[in-house]
Amino acid sequence: MSKRRNSPLVGRRNFLKGATLVGAAALTPRLAEAQLPAAPPARAVPRPNLMAETMPPSRDPVTQTSSGGDFMVDVLKTLDFDYCAIMPASTFRGIQEAIVNYGKNTKPELLTCTHEEIAVSLAQGYAKMEGKPMAVLTHGTVGLQHAAMALYNSFCDRVPIYLMVGNIIDAEKRAPGGDWAHSAQDPAALVRDFVKWDDQPTSLQHFAESAVRAYKIATTTPMAPVLLSLDTELQENPIADMGSLRIPKLAKVAPPQGDPDAVVETAKLLAGAENPVLIVDRVVRTQAGMDRLVELAETLQCAVVDMAGRMNFPTRHPLNHSFRRNAVVAEADVIVGIELNDYWGAVNLYNDRIVRKGRPNYKPSAKLVSIGVRDLFTKANYQEFQRYAEVDIAIAGDGEATLPALLEAVKRAADPGRKAACEARGKKLAVARLKQVAEFKSDATVGWDASPVSMARLCAELWAQIREDDWSLVGNGIRNYWPHRLWDFDKSHRWNGASGGGGVGYNAPASLGAALANKKYGRLTVTINGDGDLMFAPGTLWTAAHHRIPILYIVHNNRAYHQEYMYLQAMANRRARGIENAHIGTTLTDPNIDYAGLAKSFGVHGEGPISDPNELAPALTRALALVRRGEPALVDVVTEPR
Ligand SMILES: Cc1ncc(C[n+]2csc(CCOP(=O)(O)OP(=O)(O)O)c2C)c(N)n1
Ligand SMILES: [Mg+2]
């Protein structure tokens, strides 16, 4: 029987009613003076224990000696979670109480978020930097709806998210009103198209197995979010049969390597090619992976195009031809794409403005190979699997795990007779790359003193101040732009890829998650955050301050959803209607948003708005001094459109 049904009518409403009367008395001083006893001396008032007031002591199970929530915490502790991001909700109060009291708020430690989307995005950025998932807890209905877009980004980005939601399965246990709106027969139905696996355990043993299974599934490539729906009764009630419960052990799955024969065939193609090209996207998870990729490229003396889905290849390497993709693809006779999110898009030219049509950029005679886990996992509804890529050899296997075998096979296949040609190719590529870097440097000076501040100037000023630190640029605010053109990204933690699904709102919280992972390594985290993006989840800044996470937010403040502004201009141009109205619905002016003030309101140091480029360096110096000391800071820079 529901204990709530028997609870006295003292509840929150009556408590508030009392508060109202006191307030009314305070408004009528004479009555108050006559009726109220003398005020006691001021002292710290402990927070009221509302439950003690609302529950009759004889029925309050505060003395229960075991709880399902405690057991769940025992299980989570075996999974090595450092953090659990939450937006608190009654449907998981049983496990939340167990985490903070029974589990002593360590492994996992709770991170307080002001929106479920923040919680999941935080976990996305963290997982990519730390190499393991963060747990997340939300309401199963309203909370999951808020979490959904961040979950979709994580799914498209192939990032493990370990999401648990609370749900009241048994209808008889739901209090009238909110509990019903916050319960679902099948909460995961909402997001099943973009999680890899989900379950709703009906016993604690079932939870233990599903919890370990979920971890294993999420962290096996292709990695992706998983969802566990936690019944409130299981979390809150005593354990019926403690002795029978056991926690299964977790064996992490070794990622699958590509088929050895296909790898050798690919190596032979690469070694015999005139102009081999490697295109990489979500390959590297570890420094060892990055080192191997460099060795492979140097062995082949071939161009590497990094699509920057992860930090794959050093930006200053002479074989890095990411910004010469069209040129090197057009010349290639062998193209090996590794963990490409969009193979078709990488080797075709596409125009979406007038005709929405594409055509191959590669020679008809070129041989195309794919290596990656995309072929191992596809869902039907959401179309993030991209256009079908016509390749000659498709190797289903994890990119990073397949690199050692590919490297060895390439070394074995190398023809000593072609050594001179191979070296000449490398030299030619290095010259082309140097020429491009010189062009970039020259381009970067355009509008150097302009106000609003040019993006090249902003990035140069930032680079000048962080280059001696162990820095990490995170978020996707300025993907593949000035930093990737000119900064020296030389280690695997310098960058952690983009949002995956292109869902705006990712940058602010995902950057904070990466900063949290970086904190323990003493790295300096910086992010360049679109103004439009920041407005999705500005409460992220409060979480940064509350949990003392050092990060520098630079607001790339073009006072617009500028991408959309440009799309509207393009549409209007096509219809010859003039672009005067393109700002309607796309700009963020009148009033301008005060991002420094916003930061300050959350307890974060704020600078700006800065329109004069000469004011930028001192503002960055002040903000970075705080970040190096362990605090978050924000600098609002009024920038050129993009
Ligand atoms: C959730 C979501 N809503 C809308 C969009 C469409 N969209 C793509 S880019 C963009 C503008 C984002 O603004 P900002 O972060 O300021 O970047 P800017 O384009 O100004 O550089 C929008 C609204 C989206 N991708 N995701
Ligand atoms: Mg903008």
Side-chain angles (χ1 to χ4, degrees), residues 115-122 124-125 144-157 190-191 193-194 308 341-342 352-353 382-384 386 452-459 462 473-484 497-512 526-541 553-571 579 582-596 598-599 608-611 634-642:
H115 194 297
E116 289 82 356
E117 189 175 322
I118 297 177
V120 174
S121 296
L122 199 75
Q124 185 183 353
L144 187 55
Q145 290 179 51
H146 268 316
M149 196 218 69
L151 212 54
Y152 183 64
N153 267 343
S154 305
F155 176 79
C156 296
D157 200 19
L190 182 72
V191 295
D193 277 325
F194 44 92
N341 176 44
D342 180 7
D352 85 329
R353 293 293 161 90
Y382 289 89
Q383 302 288 299
E384 56 81 41
Q386 309 291 336
V453 182
S454 83
M455 285 309 292
R457 173 86 183 255
L458 164 59
C459 294
L462 178 59
L473 174 71
V474 296
N476 66 340
I478 190 154
R479 183 186 191 193
N480 259 347
Y481 203 32
W482 290 112
H484 278 90
S499 66
V504 178
Y506 161 92
N507 197 90
S511 298
L512 189 65
V526 297
T527 186
I528 299 173
N529 210 118
D531 53 335
D533 179 286
L534 185 58
M535 288 306 289
F536 275 77
T540 303
L541 297 172
Y553 281 98
I554 294 187
V555 186
H556 167 18
N557 183 5
N558 51 23
R559 294 187 173 142
Y561 300 115
H562 209 274
Q563 176 176 301
E564 305 311 316
Y565 185 37
M566 292 190 296
Y567 277 138
L568 224 61
Q569 288 180 331
M571 273 292 120
I579 57 170
H583 66 281
I584 298 174
T586 55
T587 50
L588 290 166
T589 56
D590 189 20
N592 290 337
I593 298 163
D594 173 13
Y595 293 100
L598 177 78
I610 292 169
S611 303
L634 176 147
V635 180
D636 173 12
V637 188
V638 183
T639 43
E640 64 171 350
R642 253 193 168 245

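Every heavy atom of this structure was used, including side-chain atoms; hydrogens, water molecules and symmetry mates were not. Both counts, for ligands and for their atoms, begin at 1 and track the order of listing.
In terms of the side chain to side chain donor-acceptor pair (under 3.5 Å) criterion, residue partners of Q124 (sequence neighbours excluded) are, by chain and number, S154, D157. Every residue two or more places apart in sequence or in another chain was checked for a side chain to side chain donor-acceptor pair (under 3.5 Å) with N153, and none qualifies.
Backbone and side-chain nitrogen or oxygen atoms of D533 are examined, and one is located within less than 3.5 angstrom of a nitrogen or oxygen of ligand 1. Of the polar atoms of M149, none of the N or O atoms is found under 3.5 Å from an N or O of ligand 1, judged by distance alone. Considering both main-chain and side-chain atoms, A560 comes within under 3.5 Å of ligand 1 through a nitrogen or oxygen pair. Ligand 1 has no nitrogen or oxygen under 3.5 angstrom from a nitrogen or oxygen of F536.
The closest approach of D531 to the Mg ion (ligand 2), by N/O/S atoms, is made by OD1.
The contact set between ligand 1 and G503, taken as ligand atoms under 4.0 Å from a residue heavy atom, comprises 26 (N). Within ligand 1, the atoms closer than 4.0 Å to a non-hydrogen atom of Q563 are 8 (C), 9 (S), 19 (O), numbered from 1 in the order shown. Here is the list of ligand 1 atoms found below 4.0 Å of a heavy atom in G532: 13 (O), 14 (P), 15 (O), 16 (O). Close approach to N558 involves these atoms of ligand 1, each under 4.0 Å from a residue heavy atom: 18 (P), 20 (O), 21 (O).
Judged by distance alone, the side chain of T639 and the main-chain N or O of N557 form a donor-acceptor pair under 3.5 Å. Counting only distance, with no hydrogens or angles, the side chain of D533 and the backbone of G505 share a donor-acceptor pair below 3.5 Å.
Within the structure, the closest approach of G505 to ligand 1 does not fall below 4.0 Å when heavy atoms are considered.
Contact record, A596 with G608: CB-O, 3.6 Å, taken as the closest heavy-atom pair.
Annotation: side chain of L634 is in contact with side chain of V555 (closest heavy-atom distance under 4.5 Å). Taking 4.5 Å as the limit, some side-chain heavy atom of I528 sits within range of a side-chain heavy atom of L462.
We find the OG1-CG distance between T527 and N507 to be 4.0 Å, quoted to the nearest 0.5 Å.
In this structure, OD1 of N558 and O of A560 enclose an angle of 90° at the Mg ion (ligand 2), rounded to 10°.
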